[in-house]
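Beneath this line is the structure, given in structure tokens, with notes to follow.
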Amino acid sequence: TDPLLRETALRACINGESIRALKEIIATNKIEVRNNATSSLVKRRGQLSRHVELGRTSEIGPVKKIIEIIMSQPDYLKYANQFDNVNWSEHKQVSLIFQKLLSILKEDLKSYG
């Protein structure tokens, strides 16, 4: 048993608390213990994540905006011509060009070390 729970229950008895109050103290403690055990299990479940999920969208607008913002940066202007002839109504082509953007970013960031 938990020493703190025991002390709390004894103090409640000494102070003349009812049996119902004692049961509530014990029930509250059980809930806290169960929540703590569950949260620690959730943190440890599965393998450690080794990648970042960038999400999924059927909307092409946000992808286009991300590419435009990055390609407008001085460091990436040299790559901008690779994104000039994109057919923005083709989801497959937009997906491929976004993957291209990610590879450019990864390669560029490797040089920063």
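By convention here, the first residue in the shown sequence is residue 1.
A donor-acceptor contact shorter than 3.5 Å is absent between the side chain of Asn15 and the backbone of Glu17. At distances below 3.5 Å, at least one donor-acceptor pair connects side-chain atoms of His91 with backbone N or O atoms of Ser58. Remark: side-chain polar atoms of Asp108 are not paired, donor with acceptor, to backbone N or O of Ile104 under 3.5 angstrom.
Here the shortest heavy-atom pairing between Asn87 and Gln93 reads CB-OE1, 3.0 Å. When all heavy atoms are compared, the tightest approach of Ile67 to Phe83 is CG2-CD2, 3.8 Å.
Ile19 CD1: 12 or fewer foreign heavy atoms inside a 6.0 Å radius. Other residues, nucleotides and ligands contribute at most 12 non-hydrogen atoms within 6.0 Å of the CG atom of Asn85.
Counting heavy atoms from C-beta outward, Leu54 and Phe98 have side chains that approach closer than 4.5 Å. Tyr76 has its side chain within reach of Leu105: a pair of non-hydrogen atoms, C-beta onward, lies under 4.5 Å apart. Taking 4.5 Å as the limit, some side-chain heavy atom of Met71 sits within range of a side-chain heavy atom of Leu101.
The existence of a salt bridge linking Arg11 and Glu7 is confirmed by a sub-4.0 Å separation between a basic side-chain nitrogen and an acidic carboxylate oxygen.
Under a hydrophobic clustering in which Ile, Leu, Val, Met, Phe, Trp and Tyr are joined whenever their side-chain heavy atoms come within less than 4.5 Å, directly or via other members, Ile70 and Leu96 fall into different clusters.
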Set out, in order, the CA-CA distance, both residues' side-chain angles and the distance that settles side chain to side chain contact (heavy atoms under 4.5 Å, CB included) for Val63 and Ile97, then state yes or no.
CA-CA 10 Å; Val63 177; Ile97 208 71; 5.7 Å; no

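For the atom pair NZ of Lys100 and OG of Ser95, the computed distance is 15.5 Å after rounding to the nearest 0.5 Å.
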